[in-house]
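One-based numbering along the sequence shown. Order of listing sets the numbers, starting from 1, for every ligand and every atom in it.
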Amino acid sequence: MTPPTQTGSGSSGPAQAGPAQTGSVQIDNVYIAPVAGPEIRSGYIRIEGDRITGVGPMAEAPATPAATRIDGTGCLATPGLVNTHHHLYQWASQGLAQDATLFEWLTTLYPVWAAMDAEVVRGAASAGLGHLALSGCTTSSDHHYVFPKGRGDLFAAEIEAARELGIRFHPARGSMDRGESQGGLPPDVVVEKLDEILAATAEAVDAYHDPSFSSKLRIAVAPCSPFSVSGELMTEAAALARDRGVRLHTHLAETLDEEEHCREQFGMRPVEYMEKLGWLGPDVWFAHAVHLSDADIGKFAATGTGSAHCPSSNGRLGAGIARVSEMLRLGANVGLGVDGSASSELTTLSGEMRQALLFQRAVHGPGALTARQALELATLGGARNLGRQDELGTLEAGKLADIALWRVDEPFAAAVTDPVCRLVFATRQPPLARLLVGGETVVEDDELRTVAHDATGRAGAAAHRRLTRLAEERGITAAKEIHS
Ligand SMILES: [Zn+2]
């Protein structure tokens with residue numbers, strides 16, 4: 001960890017603030033990439049409470065001596081990044097089944113995950129969310145779909161971790177009800193009964209969902225995938241979500257194995273199957289959506305169905321490359337996701353912009369995706385997936401003050417004069433000078449400020465050790481073998 005520089009000045013100085021973070025805050029002298037509207041070379045961002053109240057060039061900055069000032073000299077301001085697919089518990093099972101296909105990887109890891117408890121989830125979620133915040137993420141979803149019996153309140157554990165860190169959280173109550181005995185992929189020991197799932201999901205929505213404008217906690221309904229869930233659960237879950245006014249999420253069209261499974265079991269391709277079950281619409285976003293036909297993309301665009309592109313995970317599992325540039329061209333919304341850490345170890349959300357850009361260009365040429373489009377995927381595209389495009393995803397007056405300040409003037413980086421190029425093209429993430437969520441500082445100079453930085457990382461390692469031990473106590477050697 002690089003300690004904050006206190007002696008710098010001019011373009012090499014740190015972003016500094018006064019003592020207070022409440023009331024009025026103004027970021028000055030910053031390069032602004034608002035995602036909506038033209039970029040501003042040297043501008044200001046005015047914050048009142050948890051909202052942005054003004055964005056513009058420095059020459060037009062209001063004279064506000066009472067405001068807390070943040071010097072943005074040498075920094076790029078972007079909207080806070082939005083992560084739209086994750087499985088935080090998987091922080092505790094990274095590095096396993098490293099060379100497996102999705103189905104091989106899942107069948108290796110399901111028995112390990114069956115051993116998790118609330119303590120594992122709490123530590124894994126703390127580390128996973130802290131890691132996301134350090135990569136510029138101000139809002140994250142999570143898809144938790146393994147609920148072994150008698151292991152504590154796993155959903156509450158991850159919500160508590162997010163609340164402590166202070167980022168916006170959209171946990172999706174996931175589920176599986178189609179085990180091996182019903183033709184599904186997971187062993188029966190990790191699936192739940194349909195009635196229990198619907199009751200627990202309704203309970204989670206009723207207990208936690210906050211639909212207010214500046215909400216930090218919204219719940220989605222998220223049966224796991226076509227190969228682990230019955231058609232009845234998909235249909236009932238959609239009815240439940242629409243009754244409660246919450247969003248729907250699941251994995252879809254991730255691999256060709258899944259497509260084959262759907263053809264064999266349901267006589268149709270994954271998107272056709274979801275359409276039949278009532279799962280296309282503006283309240284739905286799918287994880288992955290790699291193997292789409294032209295017709296599938298057209299249906300996404302026509303219905304407002306979104307998708308979470310997870311390029312590192314898709315590459316790690318050899319799943320394929322989603323048709324992102326074609327989806328954008330045809331008007332289908334795409335956001336980014338790091339996916340669970342067990343299939344994308346230590347992946348940063350900022351790095352997924354680069355990964356997305358390179359994947360599209362490798363297939364379709366250098367015009368396939370620009371750095372600005374990659375930034376839009378990570379911000380406004382994610383906000384749309386979560387139904388929050390009116391609150392998040394751009395730097396504009398009236399939106400929530402979720403802002404990442406990236407330091408782009410380091411000596412080696414200073415040769416790149418386009419700060420958005422510096423952020424998206426480079427392998428190494430620029431230092432995160434400041435991360436604001438609703439105007440509150442969560443990260444400063446690459447260090448978590450709302451929670452103990454190092455202890456948060458260690459909580460993830462402890463969760464890994466605990467899960468390994470709990471699995472071994474049950475005779476599950478998948479985690480042990482890799483370490484021997
Ligand atoms: Zn996933």
Side-chain angles (χ1 to χ4, degrees), residues 82-94 96-97 100-110 112-113 116 121 124-125 128-129 131-132 137 140-147 154-155 158 169-176 178 184-186 190-191 220-229 234 237 247-259 261 270 274 279 284-292 306-322 324 334-349 352 355-356 382 385-386:
V82 180
N83 180 46
T84 62
H85 189 61
H86 209 328
H87 312 287
L88 287 163
Y89 70 87
Q90 291 182 11
W91 191 271
S93 60
Q94 299 187 66
L96 305 178
T101 66
L102 173 67
F103 281 11
E104 294 164 351
W105 175 87
L106 281 169
T107 49
T108 302
L109 291 177
Y110 283 137
V112 176
W113 296 336
M116 81 173 117
V121 172
L129 289 168
H131 193 253
L132 276 174
C137 175
S140 183
S141 60
D142 188 57
H143 187 184
H144 192 104
Y145 58 85
V146 185
F147 289 92
L154 309 191
F155 206 61
E158 63 170 353
F169 195 38
H170 285 231
R173 208 297 181 179
S175 50
M176 300 189 290
R178 199 158 73 90
L185 189 72
V190 293
V191 305
V221 173
C224 187
S225 66
F227 52 83
S228 61
V229 166
M234 285 289 187
R247 299 179 76 75
L248 282 164
H249 181 54
T250 193
H251 295 95
L252 197 74
E254 182 174 358
T255 64
L256 290 172
D257 286 344
E258 177 192 328
E259 186 168 319
H261 177 96
M274 297 312 283
W279 264 74
V284 179
W285 89 103
F286 295 119
H288 306 302
V290 173
H291 298 282
L292 300 186
S307 60
H309 179 43
C310 307
S312 289
S313 173
N314 296 153
R316 200 269 203 192
L317 291 166
I321 297 175
V324 171
V334 183
L336 292 183
V338 295
D339 203 0
S341 304
S343 67
S344 62
E345 283 80 358
L346 299 172
T347 293
T348 61
L349 187 54
E352 289 304 85
Q355 196 68 51
N385 272 349
L386 301 183

To the closest 0.5 Å, what do you measure between CE (M116) and CG (L154)?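 Interatomic distance, M116 CE to L154 CG, rounded to 0.5 Å: 6.0 Å.
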
Relative to each other, are the rings of W113 and Y110 parallel, tilted or perpendicular (30° and 60° limits)?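 It falls in the perpendicular class, over 60°.
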
Is it true that a side-chain atom of T347 and a backbone atom of S344 form a donor plus acceptor pair closer than 3.5 Å?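 Pair found, side chain donor or acceptor close to backbone of S344.
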
Relative to the Zn ion (ligand 1), how many protein N, O or S atoms have a separation of less than 2.8 Å?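 Total protein N/O/S atoms under 2.8 Å from the Zn ion (ligand 1): 4.
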
Could you tell me which residues satisfy salt bridge (Lys or Arg N to Asp or Glu O under 4.0 Å) with E104, sequence neighbours excluded, listed by chain and number?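 Residues passing salt bridge (Lys or Arg N to Asp or Glu O under 4.0 Å) with E104: none at all.
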
H291 vs E258 side-chain heavy atoms within contact, under 4.5 Å: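 They are not in contact (no side-chain heavy atoms under 4.5 Å apart), so the answer is no.
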
Is there a donor in the side chain of H249 and an acceptor in the side chain of H251, or the other way round, less than 3.5 Å apart?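 Judged by distance alone, the side chains do not pair up.
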
